[in-house]
*Asks:* 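Structure provided below as structure tokens; questions to follow.
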Amino acid sequence: MRDGYLKVGAVSPVVSVAGVSANVERTVKAIRMAEDKGIKVLVLPELGLTGYTLGDLVFSQDLLAAASDGLAKVASSTAHSDVLAVVGLPYAHKGKLYNVAAVVHHGSVLAIIPKTNIPSYGEFYEGRWFSPSPEGVDQTLFEGKAVPFGADIIIRSHSLPSFALSVEICEDLWVPQSPGSRHALAGATLIANLSASDELIGKDSYRRSLVSMESAKSIAAYIYANAGEGESTTDMVFAGHSLIAENGRILAEHFLAGDQILESEVDLSFLESERMKHSTFSVADGDHLTVWTDFKVEETVLTRTYPRFPFVPDDRKEVEERCERIVTLQALGLKKRLEHTHARTAVIGLSGGLDSTLALLVTVRAFDMLSRERKDILAITMPCFGTTKRTRGNAEELALALGVSFEEVDIKASVLRHFEDIGQSPDRLDVTYENGQARERTQVLMDKANMTGGLVIGTGDLSELALGWATYNGDHMSMYGVNASVPKTLVRYLVGWFASCDFSGAGKVLSDILATPVSPELLPAKADGHISQVTEDLVGPYELHDFFLYHFVRCSFTKEKIRRIAYRTFEGVYDEATIDKWLDNFFRRFVGQQFKRSCLPDGPKVGTLTLSPRGDWRMPSDASASLWL
């Protein structure tokens, strides 16, 4: 339970229609299995103690009595277990028959929650048997004890404050205004759905979308347990398609798994943090009844995984679609700025590195959208002390392939003269030596833009902004920063996408740019002409920093939580000492370099976050990093 994680599960045991004793036995067995796995909340299918496809057998007094007795046995089986189970059965209350979910924990029935929306269309005709949930919360007598009865009930825990469970049943998810949404606004962070949704061609995709969207708009975790094998196939087929979702992300799902438990860990503290950020998410207790229980506080062993590259989709097809969309959004932002300023040219410092390459490709796309000549794009390479033949050559070859204007402005003499003016020895390879070159390059670009009536296009990316890896008033500054919300790991994928498409015949040079180490090239090259200053040797691997950035800014995770999931995600890639080293460096640089982000030029937000002082991130430039160090 540390860091807000709670292990949850869904299971669809093979059911025996009207065979209550067999179903109870399988339910108890599933609870035992869940206990062995460390699962704290287990959800089973709709009417699972009797079977969903009973037809008019549901009116049998013998069956109803057996179902209630079965519920008592299931509840008693949890007496010495920490598993909270949610089971389905038909239940009579005050002369009406209801399709209910019973919440059992520590040997007791905590609540009985009836289905709100009763389907009577197509293959469903529940209105023949069941009444919808009555208004408000009543009490029912079960095994001689008063038990809360109603839809608007939330189960909470003293030992886990972020735990707030509500329940809905099957059709409740499919209606325009789901009970789950109402429960979430009353504070529920975890929604359980006991379902008997039959299989049809394409229905699994629709169901997956519903569960994903319900968890997203409710900013909640969602456990969906669907009926499976054993249900009558007279008119329908059930496949036990169950899902676990969290804030729009499907964490786990399975089909036809029988007694196998679908499991994952939901992050309740993350959900609470997300709700705090969304000013339109208004939590109000309303008329919901709170029922309290407790969990034994234990370490939650993580089985869920986190993407190594959180800014990049895992699916190859999705990557290609996302790349097209991102570049289009970047280009649309620049297109508007070019039109608004009536800029005659776009001026880019082209180094032969990844960032300036992407900026040029986006600028070309914007000019194509405007039906303007690519020759009005001025790519300038500015060799100095650390420039290598490889990057210089790639810059020129790329400009030639794309059909943009290319110019070389050698800045060595200007920089040396500047060093002479300020008394800086050219043999002293310090920060002044490096930044002097970066600022001279920016001056050249700005003046060239003035000369040609153009805009300087910024090349710096989100990762560099997060780390402050830019020269203040040097490459830090531009007239429009097209890469402002694109992290380095995504820059690489975007350039790779252009390379795979052989965009404008530039595939070969783009592939070589991808293979070139990331470097500002501000220190003299090695004797063999190779790059001597490799960025990731100095500030750390960008894949780690982008992982840290996403989970700190986007998810608001604690440092220890980020460390924990980084150990798991990068196991076998980086050892724990290396992760610790660069995590400390990330926080030191991120907090300490805010002053560079407080005066950023405009640039489009195209991804999940940006560090623009006018957008996602507002932070004082003189904040202390001691809390994280």
Side-chain angles (χ1 to χ4, degrees), residues 1-7 38 162 264-270 272-274 297-312 314 431 461-470 487-492 517-520 532-597 607-609 611 616-617 619-629:
M1 295 180 181
R2 178 167 59 91
D3 298 321
Y5 290 112
L6 183 75
K7 185 178 284 293
S162 56
S264 188
E265 300 79 43
V266 294
D267 188 347
L268 300 179
S269 66
F270 164 67
E272 285 196 323
S273 174
E274 284 294 283
V297 178
E298 297 175 322
E299 178 72 15
T300 301
V301 178
L302 293 184
T303 61
R304 66 182 286 182
T305 59
Y306 287 86
R308 185 172 162 186
F309 303 104
F311 293 101
V312 182
D314 292 329
V431 66
D461 64 50
L462 180 66
S463 306
E464 292 180 342
L465 295 173
L467 298 171
W469 189 249
K488 187 75 76 177
T489 49
L490 185 54
V491 170
R492 182 171 293 280
V518 176
S519 172
S532 64
Q533 188 182 25
V534 178
T535 297
E536 290 181 287
D537 291 345
L538 302 171
V539 297
Y542 276 117
E543 64 177 336
L544 282 180
H545 285 307
D546 284 357
F547 187 87
F548 301 155
L549 173 65
Y550 181 87
H551 291 102
F552 179 62
V553 175
R554 172 64 187 84
C555 302
S556 300
F557 283 3
T558 65
K559 180 183 178 183
E560 288 307 311
K561 189 170 182 177
I562 295 171
R563 186 197 313 276
R564 180 183 182 184
I565 64 173
Y567 284 173
R568 175 171 170 77
T569 302
F570 292 96
E571 185 177 4
V573 182
Y574 301 102
D575 60 32
E576 294 183 358
T578 299
I579 292 172
D580 289 346
K581 171 186 175 182
W582 295 122
L583 183 57
D584 280 345
N585 190 58
F586 169 80
F587 279 106
R588 184 179 297 108
R589 295 193 67 96
F590 183 84
V591 177
Q593 298 291 302
Q594 174 63 23
F595 72 98
K596 293 181 181 177
R597 300 187 290 266
T608 53
L609 63 89
L611 294 176
D616 287 10
W617 193 251
M619 170 183 162
S621 297
D622 49 5
S624 169
S626 60
L627 181 64
W628 296 276
L629 300 178

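Along the sequence shown, residues are numbered consecutively beginning with 1.
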*Asks:* Run Asp580 and Tyr567 through side-chain hydrogen bond (donor to acceptor under 3.5 Å, both in side chains) and show every step you take.
*Replies:* CA-CA 9 Å; Asp580 289 346; Tyr567 284 173; 2.6 Å; yes

*Asks:* Tell me, do Val553 and Asp616 make a side-chain contact under 4.5 Å, heavy atoms counted?
*Replies:* no

*Asks:* Could you tell me whether Arg304 and Asp267 make a salt bridge, using a distance below 4.0 angstrom between a side-chain N and a carboxylate O?
*Replies:* no

*Asks:* Where do Glu274 and Arg554 land on the salt bridge (Lys or Arg N to Asp or Glu O under 4.0 Å) test, with the steps shown first?
*Replies:* CA-CA 9 Å; Glu274 284 294 283; Arg554 172 64 187 84; 2.8 Å; yes

*Asks:* Salt bridge check, Glu265 against Arg568: does any charged N sit closer than 4.0 Å to a carboxylate O?
*Replies:*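 No, Arg568 and Glu265 are not salt-bridged.
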
*Asks:* Ignoring hydrogens and geometry, is there a side-chain-to-backbone donor-acceptor pair from Thr569 to Ile565 under 3.5 Å?
*Replies:* yes

*Asks:* Quick one: do Glu298 and Arg2 make a salt bridge, cutoff under 4.0 Å?
*Replies:*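 A salt bridge is absent here (no side-chain N lies under 4.0 Å from a carboxylate O).
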
*Asks:* Side chains of Ile562 and Trp628, heavy atoms from C-beta outward: is any pair under 4.5 Å?
*Replies:*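 No - every pair of side-chain heavy atoms lies 4.5 Å or more apart.
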
*Asks:* Apply salt bridge (Lys or Arg N to Asp or Glu O under 4.0 Å) to the pair Arg564 and Glu299, showing each step before the final yes or no.
*Replies:* CA-CA 13 Å; Arg564 180 183 182 184; Glu299 178 72 15; 3.2 Å; yes

*Asks:* Which heavy atom of Ile579 sits nearest to which heavy atom of Ala566, and what is that distance?
*Replies:* CD1-O, 3.7 Å

*Asks:* Which heavy atom in Thr303 sits nearest to a heavy atom in Ser264, and how many Å separate them?
*Replies:* OG1-CA, 4.3 Å

*Asks:* Please tell me whether Phe547 and Phe570 form a close aromatic pair, meaning their ring centres lie under 6.0 Å apart.
*Replies:*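 Distance test on ring centres: under 6.0 Å, yes.
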
*Asks:* To the nearest 0.5 Å, what is the distance between CG (Leu462) and CG (Leu609)?
*Replies:*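 Interatomic distance, Leu462 CG to Leu609 CG, rounded to 0.5 Å: 5.5 Å.
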
*Asks:* Would you say the side chain of Lys561 lies within less than 4.5 Å of the side chain of Ser269, judging by non-hydrogen atoms?
*Replies:* yes

*Asks:* Between Met619 and Leu611, is there a side-chain heavy-atom distance shorter than 4.5 Å?
*Replies:*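 The answer is no, as the side chains (C-beta and beyond) never meet within the 4.5 Å cut-off.
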
*Asks:* Counting C-beta onward and ignoring hydrogens, is there a side-chain heavy-atom pair between Val266 and Lys7 closer than 4.5 Å?
*Replies:*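 No; the side chains remain at least 4.5 Å from each other.
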
*Asks:* Would you sort out whether Phe552 and Phe587 count as a ring-ring contact (aromatic ring centres under 6.0 Å, His included), showing the intermediate values?
*Replies:* CA-CA 9 Å; Phe552 179 62; Phe587 279 106; 4.9 Å; yes

*Asks:* Taking the inter-plane angle between the rings of Phe590 and Phe586 on a 0 to 90° scale, is it parallel (under 30°), tilted (30 to 60°) or perpendicular (over 60°)?
*Replies:* parallel

*Asks:* Are the side chain of Asp3 and the backbone of Tyr5 linked by a donor-acceptor contact shorter than 3.5 Å?
*Replies:* no

*Asks:* Would you say Tyr550 and Phe309 make side-chain contact, with heavy atoms under 4.5 Å?
*Replies:*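 Contact flag for Tyr550/Phe309 side chains = no.
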
*Asks:* Please find the pair of heavy atoms, one from Ser273 and one from Ser556, that lie closest to each other, and give the distance.
*Replies:* OG-CB, 3.3 Å

*Asks:* Is Lys488 salt-bridged to Asp546, going by a charged N under 4.0 Å from an acidic O?
*Replies:*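 No, no charged N to carboxylate O under 4.0 Å.
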
*Asks:* Please work out whether the ring planes of Phe557 and His551 are parallel, tilted or perpendicular, with thresholds of 30° and 60°.
*Replies:*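 The arrangement is parallel - the two ring planes meet at less than 30°.
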
*Asks:* Looking at Pro520 and Thr535, what are the two nearest heavy atoms and their distance?
*Replies:* CD-OG1, 3.3 Å

*Asks:* Below 4.5 Å, heavy atoms only, C-beta onward: do Val591 and Ser624 meet side chain to side chain?
*Replies:* no

*Asks:* Could you walk me through whether Tyr542 and Arg492 pass the side chain to side chain contact (heavy atoms under 4.5 Å, CB included) test, one step at a time?
*Replies:* CA-CA 11 Å; Tyr542 276 117; Arg492 182 171 293 280; over 6 Å; no

*Asks:* Of the non-hydrogen atoms in Leu465 and Arg597, which two are nearest, and what is the gap between them?
*Replies:* O-NH1, 3.0 Å

*Asks:* Just wondering, do Gln593 and Trp469 contact through their side chains at under 4.5 Å, heavy atoms?
*Replies:*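 Result no, sub-4.5 Å side-chain heavy-atom pair not found.
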
